[in-house]
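Step one of this worksheet: look at the structure below.
None of these values were measured; they are calculated from a predicted model. Below, read A as the first sequence line, B as the second, and so on, with proteins coming before strands; counting in each chain starts at 1.
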Amino acid sequence: MDWIFLGELTINGALTGLLYSLVAIGLVLIYKSSAVPNLAQGALTMMGAYVVLAFSHNLGWSLWISIPLAVVIMFFVGMGIERVALRRLAGRPIVMILMMTMGLDIFLRGTTLAIWGGTSRSMNLGVSYNPFFVGDMLLSRIHMVGAAVAIALFIGFMVFFRTRMGIRLRAISDDYLASWSVGISVERGVGLSWGLASIVAVATGVIWGEVQGVDQSLSILLLKGLTVAVLGGLDSIFGAIVAGIILGVLESVGSFYLDPIVGGGSRDLIVAGVLILTVMIRPHGLFGRHDIERI
Amino acid sequence: MAQNETRQDDMILSLNSIEVLYDSVLLAIKGVSIEVPRGGMIALLGSNGAGKSTTLKAISGLLKSERGKVSRGEIRFDGNLIGDFSPQDRVAMGICHVIEGRRVFEHLTPDENLDAAAPMSMSRSEMASEKERMYEYFPRLAERKSSQSGYLSGGEQQMLAIARALMTQPRLLMLDEPSLGLAPFLVTEIFGIIQRINKEEGLSVLLVEQNAIAALEIVSHGYLIENGRVVMHDTAEDLKKNSDIQEFYLGGGEGKNFHDIKHYSRRKRWLS
Ligand SMILES: Nc1ncnc2c1ncn2[C@@H]1O[C@H](COP(=O)(O)OP(=O)(O)O)[C@@H](O)[C@H]1O
Ligand SMILES: [Mg+2]
């Protein structure tokens, strides 16, 4: 076996995995503050990418202006989603809210398709496509940038959830009624978490848009993100990072060995296998909280 | 009239013929009127399903999350009508409701539970000294302030729920069955602390209990509510002496089963 090649597979796998973590972090943010798995995170990611392109492509503005503008706009889109679609559902069974996020996913995909059409566009971040050499190993630069963004967001949110606002969001996810009873505005807290997740969606959309182009397929990132989030534990940002790396490496190294045997397409099988096994064996994921039995 | 107004001013809370509807059809309380004097301690007693929690939720505004609404009557806090205010506004005005079942934020530490309840306007140093004050009232919490709240004992969780409510700086504290499921020595300890806070800080307290024996030891007056109606209102001393109350709360062992109470309330209505 060629050790350099295996190392390359592993490291590029880990980097790709950290890009999945980006999607997962968005999911965890909303779950951590409202206990809802947001099935629209993939579509939000795609929308984030399109909003950036609307400025950088259609208006020809620099990315340094387009991205911050998209961040602000998407923050309010996220808050708006809570206000318009979710607020009236607060306190209803989680299934209803889950169905609502699924409806949102379909709605956002339909809207972006209607506005921007189905052809793939490029993000043109300006990151070189030449590989980066570590010894004899070839690494992808855009993946390295994306991994750095994932780590930066991870650190940022770890700090945020220790602040007073962050603690309130965690309280909300624990118990809506108890939160209301001590004067916490559950509505505003959940809105904030959607706003933050939508900001993460912009970062994710920019990176993934650069990797694979901006089109409808960005919304399918939800499946990878959800798998990573479930494996890490739906409420653990640290879990999202670790699980992203694990899934990325499994996918990259696993498919290298499996593809010749099954004739290709084993990546999806590996993702499906990880999701199914996690739910069966360890439903709260690697670092997720256990539900505490009431005494 | 003038006398009536001074009386109004003495009351921090007054409910006038409150009716509550759930799901627009189920009439859960039917014309409840109660008053809590400023700095006083009042008990609202009654059996399971009588409408005690519903009454508290009408006051704190938590009804809205359960598709309930006040369909008649008025609620005044400090003389002002509060019916249109959100739960957050009512907390900011000084009403705090410790809900039934000691629902602490289980995945947060006790310290974080207190942080979460501190108003955003409270400064860091103020918050720290408020928390110190809570740990002084509830030394058991201080010992466990960094463990996960979901793993505290029932008594500790109840203390945490009360301390958390006190972090909102209430002037009226409403407690929904704090003694439920707790050993008698813990009930005594917790009620003792509530009494101490009432005396030292003039905090007004509305205590909801099925455990009439314990509650009547610390309050000045009590209301008895049955089937959504107030059926009796008297001083704690007289309620304790009342032969009917003694019959089903104080006599014959536990003696607070539902059948007895039904029997009692029927008799009471014939008598009055
Ligand atoms: N969320 C709700 N929806 C419909 N009915 C309710 C709800 N909560 C309470 N009730 C009904 O209202 C009545 C009073 O309940 P409650 O106030 O909880 O009584 P208590 O606290 O005295 O045990 C009961 O008949 C109960 O079934
Ligand atoms: Mg009750």
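- Counted within 6.0 Å of CZ on Arg188(A), heavy atoms from surrounding residues, nucleotides or ligands total 12 or fewer; the atom is thus considered open.
- In this structure, the portions of Met120(B) lying under 4.5 Å from any heavy atom of chain A include both its backbone and its side chain.
- Heavy atoms of other residues, nucleotides or ligands lying less than 6.0 angstrom from CZ of Arg162(A) number 12 at most.
- Contacts between Ala92(B) and chain A at a heavy-atom distance below 4.5 Å are absent for every atom of the residue.
- Using a 4.5 Å cut-off between heavy atoms, Met122(B) touches chain A through backbone and side chain atoms alike.
- Only the side chain of Ile99(B) has a heavy atom closer than 4.5 Å to any heavy atom of chain A.
- What you find for Ala117(B) and Val182(A) is that their closest heavy atoms are CB-CB, 3.8 Å.
- From Glu100(B), atom CD reaches atom CG of Leu177(A) across 10.5 Å, with rounding to the nearest 0.5 Å.
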Run the side-chain contact (heavy atoms from CB on, under 4.5 Å) check on Trp180(A) and Ser86(B) step by step: do they pass?
CA-CA 9 Å; Trp180(A) 272 311; Ser86(B) 69; over 6 Å; no
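- Distance check: Asp174(A) CG to His107(B) NE2 gives 5.5 Å after rounding to the nearest 0.5 Å.
- Counting heavy-atom pairs closer than 4.5 Å to chain A, the top-ranked of the candidates Ala118(B), Pro170(B), Cys96(B) is Ala118(B).
- Environment of OH in Tyr22(B): crowded, with over 12 heavy atoms of neighbouring residues, nucleotides or ligands closer than 6.0 Å.
- The candidate from Lys57(B), Met127(B), Arg90(B) with the greatest count of non-hydrogen atom pairs under 4.5 Å with chain A is Met127(B).
- For Ser173(A), no part sits under 4.5 Å from any heavy atom of chain B, backbone or side chain.
- Surrounding CG of Asp23(B) are more than 12 heavy atoms belonging to other residues, nucleotides or ligands, all under 6.0 Å away.
- For a residue to count as touching a neighbouring chain, one of its non-hydrogen atoms must lie under 4.5 Å from one of that chain's; by this rule Ala161(B) does not touch chain A.
- Annotation: Lys69(B), atom NZ; neighbour count of heavy atoms from other residues, nucleotides and ligands within 6.0 Å does not exceed 12.
- Between chain B and the residues Ile184(A), Leu169(A), Ile172(A), the most heavy-atom pairs under 4.5 angstrom are made by Ile184(A).
- Ala178(A) and Arg103(B) get closest at one heavy-atom pair: CB-O, 3.4 Å.
- In terms of heavy-atom pairs under 4.5 Å with chain A, the best-connected choice from Ser65(B), Gly181(B), Pro87(B), Ser60(B) is Ser65(B).
- Considering CG of Leu108(B) and CG of Asp175(A), their distance stands at 11.0 Å, rounded to 0.5 Å.
- Atom CZ of Arg171(B) has more than 12 heavy atoms from other residues, nucleotides or ligands within 6.0 Å.
- Under a cut-off of 6.0 angstrom, the local environment of CE in Met99(A) is crowded, with over 12 non-hydrogen atoms contributed by other residues, nucleotides or ligands.
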